[in-house]
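Fair warning: this is a prediction, and the values are worked out from it, not measured in the lab. Side chains are part of it too, since the values below use all heavy atoms of this structure and drop only hydrogens, waters and symmetry mates.
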Amino acid sequence: MGSIPSETIEQIAAANDIVEVIGSYFPLKRAGANFKALCPFHQEKTPSFIVSASRQTFRCFGCGAGGSVFRFVMDYEHIDFPSAVRKLAARAGITAVEKSRGYGADDEERQRELRERLLKLHAEAAKWFHENLIKREVGDAARKYMRARGITVETAKRWQLGYAPDGWDAFGSWARGRGYDVRDLTASGLVKVKDESDSTASEGSGTAQRTAHAKASYDRFRGRIMFPICNDVGEVIAFSGRLLEDEQGAAKYLNSPETGLFRKGSVLFGLDKTKRALIEANCAVVCEGQLDLISLFESGITNVVAPQGTAFTESQARILKRFVNEVVLCFDADTAGQKAAERSLDALLQNDLIVRMAKMPVGEDPDSLVRREGKEAFERRIAGARDFFDYWIERETANIDLASFGAKIQLARRLAETISRVRDPLMRGEVISKVSARLGVPAQDFQALVSRQRGTEPFLARDHPPERDATGVMAPAPRHDISMLCVLALRDETARDFLRQQNWREILANVPDGEPLVRILESDLRPGDAASLNAFMVTLSPADERLVSSWLLQKVPANAGAMVEKWWLGIRQAVLRRKLSVATNQIKLPELSTGDIINLQKQILDLQEQLHELSQPAGAADN
């Protein structure tokens, strides 16, 4: 990965006022020179979340969350730093170009450029598909279909739904007219190339080759309602297309192939719009299709996601665990839906997610149910969802003759294998109790069977601790004098200039808590420039960033110049006293050579003289 230049980060910070950015997520109320709100990172009744317009930082005095505008977007959106930078850059209309470094920089640059071209192509394609549906005559049949499914124009606009015309080269022709070549169109997955095109295009001039390729390529999506698939920051990275009418031998749903932008097993449809609701509910309602999700979301049930397929992958479950602890599966009641739920179980259990199963009537799906019954009825269905293992045990034992010893043993082994995948010991113990009671076998015997399965399960070797959300964890503050110097070096230009003129590296190397001040003095931050402070904070760990954020909200004493000299003098005196104490103790050691004793005596006299000079007013500022 390349690095984003500090000057670019500073430019993006300067273009994104933190009050406006945070205010776009939830309302802020002015409180003097600052703004306040209920903290989005913990439950509270009295606002303790403060946003400083002058310092361009935020801080919660309840849970400790705090930092720059980048940190807020990272914590609120649950995204990494590069994604937060790109999101804020896009908001301000700035191009965030990463600098390549090291071996393979040319390849890295080519990959970055390809990614940018594909993102641009997908964004423009989504707009073209959308305009086909909303404005153009070619979308008449699609509009009729959407109305029949209860999808309004407003909903179609909100989700940027579109229509791919039923022609072999409608999209490809439009895209080539926009300047995209067949290689990029093929790399995007939106266009396919016929097998025989290689021989056709291998002869003749470059123009002839391009013409041959154009004739040999065709649109992947034809005659389909188009659902843009976005990453978690809202960039279109792929599409899913649904046929208007079922056709013999044609898939009802067709997804983009895997590309440089899109990994099917690592994307959850709708997450860019629903993740805040997921965090607040701590529960994800999982459905199979895009229309199911859209209908639930538009009805007001917004803590919802859909996998790109019928079953969860390990990667999707790990992503979901960042937002919730519980999952309610709302899969169709048919055999395919039930098997998809069971196939999802392993991935969900390996990420310590509590799984429940909502009952869907035969022939119904979330889309049809919520439109027929309404939001409240569907919410009752979710609230009444059974624990997955209750459903599963009932399903597995329904057609088994438990009076048959052989059948019971086979079932017990099969159930034990699945239960062995439950990592949480409390959940595993609860399920073991339920299964043993249902089978009529001693709990300790079934426990032993599960333990043997756990000993052979390969996935256990790949166990990894769940990611911790460090929101609210602040680095311990250094001792008071260092903390005061940190505040002054961050907030006052005169104080910072004074410290940088001193022999600070040598002195702070002898101060146990001096690292934060070293980081501040090493940096190129400008105390009067909020964007510069934001750029500095993104170089820190989350815990250190929260500590710095708390310092930035402290008041600077009016006599900062005198204060910084006083605190620095105290640091220098403390370092000299510590050195003097060490030398005094060393000279008492037995078996020292005459030369060692003479050197230590000179060192002690020199340290005493330095301490004496520092105690004199005229020498207090000397170094």
Value rounded to 0.5 Å, distance of [atom1] in [X] from [atom2] in [Y]:
X	Y	atom1	atom2	value
Met537	Ile9	CE	CD1	12.0 Å
Leu320	Lys275	CG	NZ	13.0 Å
Leu161	Asn132	CG	CG	13.0 Å
Asn34	Ser52	CG	OG	5.0 Å
Ile482	His480	CD1	NE2	11.0 Å
Ile301	Cys330	CD1	SG	8.5 Å

* Determine, step by step, whether Leu525 and Arg496 satisfy the side chain to side chain contact (heavy atoms under 4.5 Å, CB included) criterion, reporting the C-alpha distance in whole Å, the side-chain angles of both residues, the deciding distance to 0.1 Å, and the verdict. => CA-CA 10 Å; Leu525 69 85; Arg496 178 178 172 80; 3.8 Å; yes

Where do [X] and [Y] come nearest, in terms of heavy atoms and distance?
X	Y	result
Cys287	Phe331	C-CE2, 3.9 Å
Tyr76	Ile279	O-CD1, 4.0 Å
Phe312	Ala347	O-CB, 3.9 Å
Arg55	Ala530	O-CB, 3.8 Å
Trp174	Glu124	CH2-O, 3.6 Å
Ile151	Ala156	CG2-N, 4.2 Å

* To do: Apply the test side chain to side chain contact (heavy atoms under 4.5 Å, CB included) to residues His122 and Ile237: give CA-CA distance (whole Å), side-chain angles for both, the deciding distance (0.1 Å), then the verdict.
  => CA-CA 6 Å; His122 277 80; Ile237 57 173; 5.6 Å; no

* Partners passing side chain to side chain donor-acceptor pair (under 3.5 Å) against Glu44 (at least two apart in sequence or in another chain) -> His42, Ser48

Any salt bridge between [X] and [Y], counting N to O under 4.0 Å?
X	Y	answer
Arg158	Glu298	yes
Lys321	Asp352	no
Arg117	Asp181	no
Arg318	Glu314	yes
Arg526	Glu493	no
Glu235	Arg115	yes

Within a strict 4.5 Å, meaning less than it, do heavy atoms of the [X] and [Y] side chains meet?
X	Y	result
Pro527	Asp492	no
Pro40	Phe49	yes
Phe262	Asn231	no
Leu88	Phe70	yes
Arg356	Val327	no
Leu271	Phe323	yes
Arg242	Met226	no
Val286	Val328	no

* To do: Evaluate the side chain to side chain contact (heavy atoms under 4.5 Å, CB included) criterion for residues Asp232 and Ile319: first the C-alpha distance (whole Å), next the side-chain angles of each, then the deciding distance (0.1 Å), finally the verdict.
  => CA-CA 10 Å; Asp232 59 359; Ile319 292 169; over 6 Å; no

Assess, by modelled atom type and distance only, whether the side chains of [X] and [Y] contain a donor and an acceptor separated by less than 3.5 Å.
X	Y	value
Glu288	Tyr253	no
Asn303	Glu280	no
Ser68	Gln56	no

Within the distance-only criterion (no hydrogens, no angle test), does the side chain of [X] pair as donor or acceptor with the backbone N or O of [Y] below 3.5 angstrom?
X	Y	answer
Ser295	Asp367	no
Arg491	Leu552	yes
Asn282	Asn325	yes
Thr274	Gly270	yes
His130	Ala126	no
Arg220	Leu190	no
Arg224	Gly162	no
Arg519	Thr539	yes
Arg546	Arg59	no
Asp529	Ala531	yes

* Asked: Between Phe269 and Trp159, what is the ring plane arrangement, given parallel below 30°, perpendicular above 60°, and tilted in between?
  ->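 Parallel, since the angle between the ring planes stays under 30°.
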
* From CA spacing to verdict: side chain to side chain contact (heavy atoms under 4.5 Å, CB included), Leu185, Phe171 -> CA-CA 10 Å; Leu185 294 176; Phe171 171 76; 4.2 Å; yes

* With sequence neighbours excluded, tell me which residues meet ring pair (Phe, Tyr, Trp, His ring centres under 6.0 Å) with Phe61. => none

* Check: Phe129 ring centroid to Phe221 ring centroid under 6.0 Å -> no

* To do: Evaluate whether atom CZ of Arg183 has more than 12 neighbouring non-hydrogen atoms of other residues, nucleotides or ligands under 6.0 angstrom away.
  => no

* Asked: Should we say atom CG of Asn559 is surrounded by more than 12 heavy atoms from elsewhere, each under 6.0 Å from it?
  -> yes

* Dump the intermediate steps for salt bridge (Lys or Arg N to Asp or Glu O under 4.0 Å) on Asp80 and Arg86, then the final yes or no. => CA-CA 10 Å; Asp80 59 15; Arg86 286 194 291 268; 5.1 Å; no

* List the steps, then state whether side chain to side chain donor-acceptor pair (under 3.5 Å) holds for Glu77 with Tyr25. => CA-CA 10 Å; Glu77 296 270 11; Tyr25 290 97; 2.9 Å; yes

* Examine Arg71 relative to Phe58 and say whether NZ or CZ is less than 6.0 Å from the centre of the six-membered ring and inside a 45° cone about the ring axis. => no

* Does the side chain to side chain donor-acceptor pair (under 3.5 Å) test come out yes or no for Thr494 and Asp497, once each step is laid out? -> CA-CA 5 Å; Thr494 302; Asp497 288 344; 5.9 Å; no

* Asked: Taking only residues two or more places apart in sequence or in another chain, which ones pass side chain to side chain contact (heavy atoms under 4.5 Å, CB included) with Arg143?
  ->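 Only Leu133, Asp140, Arg147 meet the side chain to side chain contact (heavy atoms under 4.5 Å, CB included) criterion with Arg143.
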
